[in-house]
Participant: 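The following block contains the structure, expressed as structure tokens.
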Amino acid sequence: MSLNSLTISGARDALRKGEVTAVEITEACLSAVEGAGALNVFVHNTPEMARDQAKAADARIAAGDAPAMCGIPVGVKDLFAVKGVETQAGSNILAGFKPEYESTVTQNLWDAGAVMLGKVSMDEFAMGSSNESACYGAAINPWKIDDRALTPGGSSGGSAAAVAADLCLGALGTDTGGSIRQPAALTGIVGIKPTYGRVSRWGVVAYASSLDQAGPMTKSVRDAAIMLGAMASADAKDSTSADLPVPDFEAALTGDIRGKKIGIPREYRVEGMSAEVEKLWDEGTLMLKDAGAEIVDISLPHTKYALPAYYVIAPAEASSNLARYDGVRYGHRAKLRAGEGIDDMYSRTRAEGFGPEVQRRIMVGAYVLSAGFYDAYYNRARKVRALIKRDFELVFASGVDAILAPATPSSAWGIGEKGAADPVEMYLEDIFTVTLNLAGLPGVAVPVGLDSKGLPMGLQLIGKPWEEGDLLNHALVLERAAGFSAKPAKWW
């Protein structure tokens, strides 16, 4: 087995036994990245930084100081500020921006000895479900059928594709409305969105501040537990960061869920759901039942309002957050023409720097926040959000330990096949995922099977707030029962 195809846990154990070095694993990953140009995944490579970090990791391991992520090569979504490394958020408006500071999450990983291979592709400002709004062109799913280039999902599509193609052992993603779980399901990997506040948002380029949450994308549930443990922390620099101790998530992986109650929400059986998704959901339910869990039907009555509420709240917050990109302090600045003033510079900078999807969401957000529409749209969406959160609270208060639902309404589709004529068609890809962001709950996507075309499909488990360890244990049981081991045939 090539070293770049190792799991995080497998590499950790091999490193500690002295069977391999961090430098060797890193060189294998750098070689894989170099040979995967057709996937258009890595957009800002940092090979020298990676080699230096790998050498330092080997020294720590030799000295007996080896945290779980020590010597593990990872990809970093281009939304995380890394000091001195281009941080573009998939947008032309941030071309050339190199921050003089480090995000808390990446600093936590470097402190744990992780190795950065480079920045990976993403939808512009994390706004998208297919990675097609990235200024550097769409990342390509390593899974392929016929000769069609397929989407890896979004917005963390580059992270998902990088892990699925064995270019790295794990990757950082962010999830505002499903942007970790959806691409994980479309590429056959594991992705967890933690409870809102479990992982610091400081140094992460903001999309919608009350919804954004960073999380790991990995090859296994155990790997997700290891990486999340290294990422998470309380952070005084982030007022929404929870001042709670970080549990040992890996230690929670007992593989025993006997007597646990798993809720199956009837409202997730939406009209038009594909038969294959419904069959996969039923199979996953049976897997958990066979493992000793009690399956109960539950109701989340306000689910049907989640998507419209999300697409009011998220653009509203985005329009406020993205107001700072004006061409004055950093990033792209439009050139002034004769007779033009600063207002012209602002408007043309934003018109040139932002892509069509970001412009669309800024305009929607500005509209719902405007006088006369604030109460009709934004305040109403906030009230719906509170009701959605209450639905989950009531279900968990009734004794339910976790909820099983689909992660996506379909498997991966071809680049350019959705959303061109009607953007709402693309928004519907988030139908199973946005509820968790609105409620601030943790959720994990697990690959469970292949569809009739041979493409991966996943299910998601939803957990109680701050109970990521218990949630990952349920995911481990599902992972073991499904026995998903398929990998994309290398064509790139």
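Side-chain atoms are counted along with the backbone in the values below, which use heavy atoms only and exclude waters and symmetry mates.
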Participant: Counting only heavy atoms from other residues, nucleotides and ligands, does the tally under 6.0 Å from OH of Y268 exceed 12?
Facilitator: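 Yes - once you tally the heavy atoms of other residues, nucleotides and ligands closer than 6.0 Å, there are more than 12.
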Participant: Using 4.0 Å as the upper bound for N to carboxylate O, is an ion pair formed by R201 and D235?
Facilitator: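 Salt bridge flag = no for R201 with D235.
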Participant: Taking D175 first and then R181, would you say they form a salt bridge - that is, a charged N and a carboxylate O separated by under 4.0 Å?
Facilitator: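 Here D175 pairs with R181 in a salt bridge, since their nearest N and O are under 4.0 Å apart.
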Participant: Just wondering, are more than 12 heavy atoms of other shown residues or ligands nearer than 6.0 Å to CZ in R360?
Facilitator: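 Enclosed: over 12 neighbouring heavy atoms sit under 6.0 Å from CZ of R360.
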Participant: Nearest heavy-atom pair of D451 and M457: which atoms, and what distance?
Facilitator: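 The pair with the smallest heavy-atom distance is CB-SD, 3.2 Å.
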Participant: Between E276 and K279, is the closest basic N to carboxylate O distance under 4.0 Å?
Facilitator: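 The answer is no: the pair does not qualify as a salt bridge.
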Participant: Report the C-alpha separation of N473 and K260 in whole Å, then their side-chain angles, then the decisive distance to 0.1 Å, and conclude whether the side chain to side chain contact (heavy atoms under 4.5 Å, CB included) test is met.
Facilitator: CA-CA 11 Å; N473 188 46; K260 297 282 189 176; 5.8 Å; no
Participant: Any chance you could measure L472, atom CG, to S220, atom OG, to the nearest 0.5 Å?
Facilitator: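 Between L472 CG and S220 OG, I get 10.0 Å after rounding to 0.5 Å.
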Participant: State, without any angle test, whether K77 and T174 hold a side-chain donor-acceptor pair at a distance under 3.5 Å.
Facilitator: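 Per modelled atom types, K77 and T174 side chains form a pair under 3.5 Å.
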Participant: Does D243, at its CG atom, have more than 12 non-hydrogen atoms belonging to other residues, nucleotides or ligands within less than 6.0 Å?
Facilitator: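 No, not enclosed.
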Participant: Between R269 and D282, is there a salt bridge with N-O shorter than 4.0 Å?
Facilitator: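 Yes, D282 and R269 are salt-bridged.
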Participant: With a 4.5 Å heavy-atom cut-off, do L436 and K193 have their side chains touching?
Facilitator: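 Yes - at least one pair of side-chain heavy atoms lies under 4.5 Å apart.
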Participant: Side chains of D391 and T303: donor-acceptor distance under 3.5 Å anywhere?
Facilitator: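 D391 vs T303: no donor-acceptor pair found between side chains.
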Participant: List the atom of S200, the atom of V105, and the distance in Å for their closest heavy-atom pair.
Facilitator: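 Scanning both residues, the minimum pair turns out to be O-CG2, 3.5 Å.
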Participant: A quick test of your reading: do over 12 heavy atoms of other residues, nucleotides or ligands sit less than 6.0 Å from OH of Y427?
Facilitator: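 Above 12, so yes.
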Participant: Assess, by modelled atom type and distance only, whether the side chains of S179 and S155 contain a donor and an acceptor separated by less than 3.5 Å.
Facilitator: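 Yes, a side-chain donor-acceptor pair sits under 3.5 Å.
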Participant: Side chains of T176 and D212: do they bring a donor and an acceptor to under 3.5 Å?
Facilitator: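 A donor-acceptor contact under 3.5 Å links the two side chains.
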Participant: List the steps and the verdict of side-chain hydrogen bond (donor to acceptor under 3.5 Å, both in side chains) for S129 and D430.
Facilitator: CA-CA 8 Å; S129 303; D430 301 331; 3.2 Å; yes
Participant: Relative to each other, are the rings of Y378 and Y374 parallel, tilted or perpendicular (30° and 60° limits)?
Facilitator: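 Tilted, since the angle between the ring planes falls between 30° and 60°.
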Participant: How about NZ on K289, more than 12 heavy atoms from neighbouring residues, nucleotides or ligands closer than 6.0 Å, or not?
Facilitator: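 Not buried by this count: 12 neighbours or fewer within 6.0 Å.
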Participant: Give a yes-or-no answer on whether the side chains of E429 and T408 include a donor-acceptor pair shorter than 3.5 Å.
Facilitator: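 There is no such pair between these side chains.
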Participant: Could you measure the distance from the CD atom of E124 to the CG atom of N131? Nearest 0.5 Å is fine.
Facilitator: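 Spacing of CD (E124) from CG (N131) equals 11.5 Å.
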Participant: Is it the case that more than 12 heavy atoms not belonging to K389 sit under 6.0 Å from its NZ atom?
Facilitator: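 Atom NZ in K389 is not crowded, with 12 or fewer foreign heavy atoms closer than 6.0 Å.
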Participant: Whether the T187 and N141 side chains hold a donor-acceptor pair (N or O, under 3.5 Å, no angle test) is what I'd like checked.
Facilitator: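 T187 vs N141: no donor-acceptor pair found between side chains.
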Participant: Looking at K304, I want to see if its NZ is surrounded by more than 12 non-hydrogen atoms of other residues, nucleotides or ligands under 6.0 Å.
Facilitator: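 Counting other residues, nucleotides and ligands, NZ of K304 stays at 12 neighbours or fewer.
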Participant: Between atom OH of Y136 and atom CE of M122, what is the distance when rounded to the nearest 0.5 Å?
Facilitator: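 With rounding to 0.5 Å, OH (Y136) is 6.0 Å from CE (M122).
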Participant: With a 3.5 Å cut-off and no angle check, do the side chains of E317 and S210 form a donor-acceptor pair?
Facilitator: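 Yes, because at least one side-chain N or O of E317 sits under 3.5 Å from a partner of the opposite role on S210.
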